[in-house]
Protein chains: 2
Amino acid sequence: METPTVDISQSEWEVMRIIWTLGPLKSSTLAAILTDKMGWKVATTKTFLGRLVKKGALVPEKQGREFLYHATVGEQASMDAAVTELFSHLCQMKIGKTLDHLITHVTLSKHDINDLQQTLTAKLPDAPAKVSCNCLPERCKEEVHEG
Amino acid sequence: METPTVDISQSEWEVMRIIWTLGPLKSSTLAAILTDKMGWKVATTKTFLGRLVKKGALVPEKQGREFLYHATVGEQASMDAAVTELFSHLCQMKIGKTLDHLITHVTLSKHDINDLQQTLTAKLPDAPAKVSCNCLPERCKEEVHEG
DNA sequence: AGTTATAATTTACAACTGTAAACGATGGTT
DNA sequence: AACCATCGTTTACAGTTGTAAATTATAACT
């Protein structure tokens, strides 16, 4: 079976990021960091921890009186899934421009850029001359104009 | 002022796509298309139309007994905003890989690819050798390891 | 003018989210 | 043994989302 990616909400991402970055943590550590970074009350962090455990994105490991929270889903896999999911709702025709906008505004290392260049180069030969719009169901690909 | 982008939910995107693609439409046309594409009941489409009007993403123009629903926000601008928003929750360090995954799995025209190549090439000179993780608040950039 | 089809608006309702307080259990302290 | 600081769990509560039925308004038809 594939990596079981879980639906993670915006705020829950913030919790996951810390754990992905630092490894398994106690709730008190998490809470401290997230109060600092997000301004959350301790109770808020606790709520998200509970929900993430219920969703299966985190697993608690008893350690003395507290728990260490371990991520069960991979960061890269989760990111890939979230991004793919979002793009699936967007018009295919506009994806090129959207990626262009994104790449323009995001921070990339020289290495990243080289990798992307290569991926693009590899993709070029099989690329179509034009991408068609996939916003309409098959039946409706003809003109419909009103107004 | 900038283009006023609106928060559009997953399902609402599907409504907007049709209007962005075909231009202003009557609710009956929309409902037919979305029943076809998404399997929605007419009432469901109506609900989303109402919400999108309330959110200001659509504006109804009376036309006889019905309304034509016009998009007030641009498709590209909305896509750019949605994608940027998502990426803002992701670890900077992993964005390169995420883009790579995305580019690998998405359909791009030769033209798109060329544009992206150019954007990347232009970005290369000023690109850092390494991107640092931005998942922790400033204070916490040192080691924290437990477990 | 009365009836009917249909368009728009209201209401419904459960699940998910953001945000957090309240409560109960438990290990550490006096 | 009694108390206190915490940790985890429950409860709270409003707003959003997905999904749709019910109701109301209204144009068109008879």
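Note on naming: letters A, B, ... go to the chains in the order of the sequence lines (proteins, then strands), and numbering restarts at 1 for each one. Atom set for the values below is all heavy atoms of this structure, side chains included, hydrogens, waters and symmetry mates excluded.
- Below the 3.5 angstrom threshold, one finds no donor paired with an acceptor across the side chain of B/Arg51 and the base of C/dT9.
- Under the 4.0 Å criterion applied to side-chain N and carboxylate O atoms, A/Glu12 and A/Arg51 are not assigned as salt-bridge partners.
- The two residues B/Thr84 and B/Asp80 make their nearest non-hydrogen contact at OG1-O, 2.7 Å.
- Contact annotation for A/Lys55: backbone-only contact, meaning every heavy-atom pair under 4.0 Å involves sugar-phosphate atoms and none involves a base.
- When distances run from any side-chain atom of A/Lys41 to the nucleotides C/dA20, C/dT19, D/dG18, the shortest one goes to C/dA20.
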Next item on the list: Test B/Met38 against B/Thr44 for side-chain contact (heavy atoms from CB on, under 4.5 Å), laying out the working first.
Entry: CA-CA 10 Å; B/Met38 305 295 291; B/Thr44 302; over 6 Å; no

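- The nearest whole Å value for the distance from the NZ atom in B/Lys54 to the C1' atom in C/dT9 is 10 Å.
- When only modelled atom types and interatomic distance are considered, A/Thr121 and B/Gln117 share a side-chain donor-acceptor pair under 3.5 Å.
- In this structure, the side chain of B/Trp20 engages the main chain of B/Val73 through a donor-acceptor pair within 3.5 Å.
- Note: CZ (B/Phe48) to C1' (D/dA20) measures 10 Å, nearest angstrom.
- What separates CH2 of A/Trp40 from C1' of C/dA21 is a distance of 17 Å, to the nearest Å.
- Here C/dT17 presents its C1' atom at 13 Å from NE2 of B/His89, a figure rounded to the nearest Å.
- Rounded to whole angstrom, the span from the CE atom of A/Met38 across to the C1' atom of C/dA20 amounts to 15 Å.
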Between the protein and nucleotides 8-10 of chain D, list the N/O to N/O atom pairs that are separated by less than 3.5 angstrom.
unit_1: D/dG8; atom_1: OP1; unit_2: A/Phe67; atom_2: N; d: 2.8
unit_1: D/dG8; atom_1: OP2; unit_2: A/Ser27; atom_2: OG; d: 2.5
unit_1: D/dG8; atom_1: N7; unit_2: A/Lys46; atom_2: NZ; d: 3.1
unit_1: D/dG8; atom_1: O6; unit_2: A/Lys46; atom_2: NZ; d: 3.2

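- B/Gln92 and B/Ser132 are not linked by any side-chain donor-acceptor pair at a separation below 3.5 angstrom, with hydrogens and angles left out of the test.
- Summarising the geometry, the separation between CD on B/Glu61 and C1' on C/dA7 is reported as 16 Å, rounded to the nearest angstrom.
- Partners of B/His105 by ring pair (Phe, Tyr, Trp, His ring centres under 6.0 Å), not counting sequence neighbours, listed by chain and number: B/His101.
- Residue A/Gln63 contributes atom CD, which lies 14 Å from atom P of C/dG27 at whole-angstrom precision.
- Checking C/dA20, D/dG18, C/dG18 against every side-chain atom of B/Ser11, the shortest atom distance belongs to D/dG18.
- Between the CD1 atom of A/Ile8 and the P atom of C/dT17 there is a distance of 10 Å, rounded to whole Å.
- Residue B/Thr44 places its side chain closer to D/dA20 than to any other of D/dA20, C/dA20, C/dG18.
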